[in-house]
There are 2 protein chains.
Amino acid sequence: MSGYYSLLQNIERYVAPGAEAREAFFSILREVVVKKRQFIVQPGFVCIHQSYVVQGSFRAFFLSDQGVEHTLQFAVEDWFISDFNSYINQTPASLFVEALENGRILQMAHDDVEALCSRYPVFERYFRIVAQKSFAFAQRRILSNIGKSAEQRYLEFYELYPDIVGRVPQYALASYLGMTPEFLSKIRKRL
Amino acid sequence: MSGYYSLLQNIERYVAPGAEAREAFFSILREVVVKKRQFIVQPGFVCIHQSYVVQGSFRAFFLSDQGVEHTLQFAVEDWFISDFNSYINQTPASLFVEALENGRILQMAHDDVEALCSRYPVFERYFRIVAQKSFAFAQRRILSNIGKSAEQRYLEFYELYPDIVGRVPQYALASYLGMTPEFLSKIRKRL
DNA sequence: CATAAATCTTGAACTGCTTCAAGTAAATCT
DNA sequence: AGATTTACTTGAAGCAGTTCAAGATTTATG
């Protein structure tokens with residue numbers, strides 16, 4: 001039950017669902033335990049669920065034809081993660097979503113969420129706000145990618161998410177920041 | 001009236017508002033004529049409106065401390081543009097939004113949109129879907145930025161938006177793709 | 001249409017970042 | 001605890017992309 005409460009808190013930062021809507025929402029959630037290195041999404045399979053992280057850390061990454069990994073997103077407690085493109089269009093995923101630590105997530109299936117939103121506009125609103133914030137966030141990252149040096153990108157990330165820096169493997173962070181692990185190692189040395 | 005119809009068509013790709021909701025929506029729209037090189041958003045001012053492009057082309061860009069421009073988004077007919085971060089949080093903008101050609105837009109004020117969404121959940125849904133698609137799109141761009149070479153990024157953009165390539169200044173496209181105008185010129189030469 | 005302003009091109013020198021390879025350290029498993 | 005895998009470090013060489021500067025071309029304006 002613990003995870004339900006923290007997700008509810010997240011929701012109540014933006015909207016105030018009534019008791020009935022809240023119960024309806026809880027009823028579509030499923031708590032899942034995941035082990036380190038486990039994949040909760042894999043390329044080729046449709047990403048049915050969106051996952052809210054109760055405990056643990058995760059990453060979504062793309063594996064290029066040449067075998068290079070590109071981390072698109074990290075998620076720790078109180079964040080959502082999925083192959084979002086696959087999730088909203090219900091098309092086959094192109095990303096892996098991997099647990100970086102043992103953890104627990106709350107999964108909600110796409111069709112259940114859609115039905116819930118149709119019935120309770122308060123959730124339509126919640127997911128609109130979340131999507132808008134996610135978009136604004138992604139735009140800030142794009143600006144950082146096109147405008148800043150590798151060192152600046154690392155420092156910016158470190159300022160924003162010092163906890164994540166200490167919690168994920170360095171090669172994963174490097175692939176998120178768009179540089180090689182070797183170069184990230186060198187940046188850290190000279191700072 | 002012409003612009004209203006094409007925006008309505010856009011909406012009806014995702015949802016089906018009733019006559020009343022439709023009229024309420026139309027009532028918050030304002031059609032504005034803009035001249036080439038005109039700014040419709042400027043840093044420091046809160047971005048009150050979201051703009052739907054009826055005719056013309058626009059770009060949103062960030063001007064760094066060193067005076068370098070970084071284009072975050074282009075918009076042509078049937079696209080939305082704004083400083084989205086400023087718009088959703090109603091905080092001062094950090095971007096310019098500039099008309100690249102003479103054009104016409106439909107502006108809708110933040111507070112009017114919010115009120116409309118509260119009253120007509122069908123619009124809540126519409127803007128949720130638009131935000132989700134925008135986010136998924138931004139994620140694809142991030143992958144392209146962190147994983148691909150300058151030449152690959154250009155080719156990818158050219159495939160997706162051949163029309164835009166021919167329509168916007170090359171320095172603007174270069175700053176969108178995260179490279180110098182000189183280098184884009186060289187890429188185009190060798191292709 | 002002539003002049004100015006803005007945009008694009010080209011080359012040469014330079015540098016931030018990658019690649020490759022080998023060694024060290026730290027997790028993970030039995 | 002010892003063995004094995006996984007992750008991180010370091011240096012040397014190479015290259016993708018930048019910077020600077022000058023000229024050519026296109027677009028705007030009186």
Side-chain angles (χ1 to χ4, degrees), chain A residues 34-39 56-57 59 61 63-71 74 96 98-103 144-158 164-191, chain B residues 34-39 56-57 59 61 63-71 74 96 98-103 144-158 164-191:
Chain A
V34 285
K35 287 190 59 178
K36 183 167 179 172
R37 262 173 262 269
Q38 185 181 335
F39 294 125
S57 56
R59 66 190 271 245
F61 69 93
L63 184 62
S64 79
D65 304 338
Q66 302 91 277
V68 183
E69 295 178 1
H70 301 288
T71 299
F74 290 112
F96 291 91
E98 179 195 26
L100 297 170
E101 303 169 335
N102 294 333
S144 170
N145 283 338
I146 63 181
K148 304 199 166 173
S149 69
E151 179 169 323
Q152 286 174 317
R153 294 194 306 271
Y154 170 67
L155 287 172
E156 185 178 73
F157 188 88
Y158 189 86
I164 294 184
V165 173
R167 210 168 154 186
V168 304
Q170 196 148 289
Y171 65 85
L173 179 54
S175 79
Y176 177 96
L177 293 172
M179 67 185 80
T180 60
E182 293 94 334
F183 196 62
L184 177 53
S185 175
K186 282 162 193 172
I187 286 174
R188 293 177 117 167
K189 192 186 180 190
R190 75 185 178 219
L191 285 179
Chain B
V34 284
K35 288 191 60 178
K36 182 166 180 173
R37 261 173 263 270
Q38 184 182 332
F39 295 125
S57 57
R59 66 190 271 244
F61 68 94
L63 184 61
S64 79
D65 304 337
Q66 301 91 278
V68 183
E69 294 178 2
H70 301 288
T71 299
F74 290 112
F96 291 89
E98 178 195 25
L100 297 169
E101 303 169 336
N102 295 332
S144 170
N145 283 338
I146 63 182
K148 305 199 166 173
S149 68
E151 179 170 323
Q152 286 174 318
R153 295 194 308 270
Y154 170 68
L155 287 172
E156 185 179 72
F157 188 88
Y158 189 86
I164 294 184
V165 173
R167 211 169 153 186
V168 304
Q170 196 146 289
Y171 65 83
L173 179 55
S175 79
Y176 177 96
L177 294 171
M179 66 185 80
T180 60
E182 292 93 334
F183 195 62
L184 178 53
S185 174
K186 282 162 193 172
I187 286 175
R188 292 178 117 166
K189 193 185 180 190
R190 74 184 178 221
L191 286 177

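Labels below follow one simple rule: chain letters A, B, ... track the order of the sequence lines, proteins then strands, and each chain is numbered from 1.
Taking atom CG on Leu184(A) and atom P on dG16(C), their separation rounds to 17 Å, with Å as the unit. In this structure, Arg190(B) atom CZ and dC8(C) atom C1' are separated by 17 Å, rounded to whole Å. For the pair Ile146(B) CD1 and dA16(D) P, the computed distance is 20 Å after rounding to whole Å. A straight line from CD of Glu182(B) to P of dA16(D) spans 18 Å, rounded to a whole angstrom. Between Lys148(A) atom NZ and dG16(C) atom C1' there is a gap of 17 Å when expressed in whole angstrom units. Leu191(B) has its CG atom 12 Å from the P atom of dT9(C), to the nearest Å. With rounding to whole Å, Met179(B) atom CE is found 16 Å from dT9(C) atom C1'. Following rounding to the nearest Å, Glu151(B) (CD) and dG17(D) (P) show an atom-to-atom distance of 8 Å.
Under a cut-off of 6.0 angstrom, the local environment of OH in Tyr158(A) is sparse, with at most 12 non-hydrogen atoms contributed by other residues, nucleotides or ligands.
At the heavy-atom level, Phe183(B) lies under 4.0 Å from base atoms of the strands shown.
Note on Arg59(A) versus Glu69(A): salt bridge recorded, some NZ/NE/NH1/NH2 to OD/OE distance being below 4.0 Å. Salt bridge Arg37(A)/Glu98(A): absent, no basic N to carboxylate O contact under 4.0 Å. Salt bridge annotation for Arg167(A)-Glu101(A): present, with a cationic side-chain nitrogen under 4.0 angstrom from a carboxylate oxygen.
Nearest nucleotide to the Lys189(A) side chain, out of dT19(D), dG11(D), dA7(D): dG11(D).
Across every strand in view, dT30(C) sits in a pair with dA1(D) that passes the Watson-Crick or G-U test at under 3.5 angstrom.
Distances shown here put every side-chain N or O of Ser149(B) at or beyond 4.0 Å from the OP1 or OP2 atom of dA16(D). At least one side-chain nitrogen or oxygen of Arg37(A) sits closer than 4.0 Å to the OP1 or OP2 atom of dA7(D). Distances shorter than 4.0 Å separate none of the side-chain N or O atoms of Lys186(B) from OP1 or OP2 on dT9(C). Dashed line: the shortest gap from a side-chain N or O of Lys36(A) to OP1 or OP2 of dT28(C) is under 4.0 Å.
In this structure, Phe96(A) and Phe39(A) have tilted ring planes: the angle between them lies in the 30° to 60° band.
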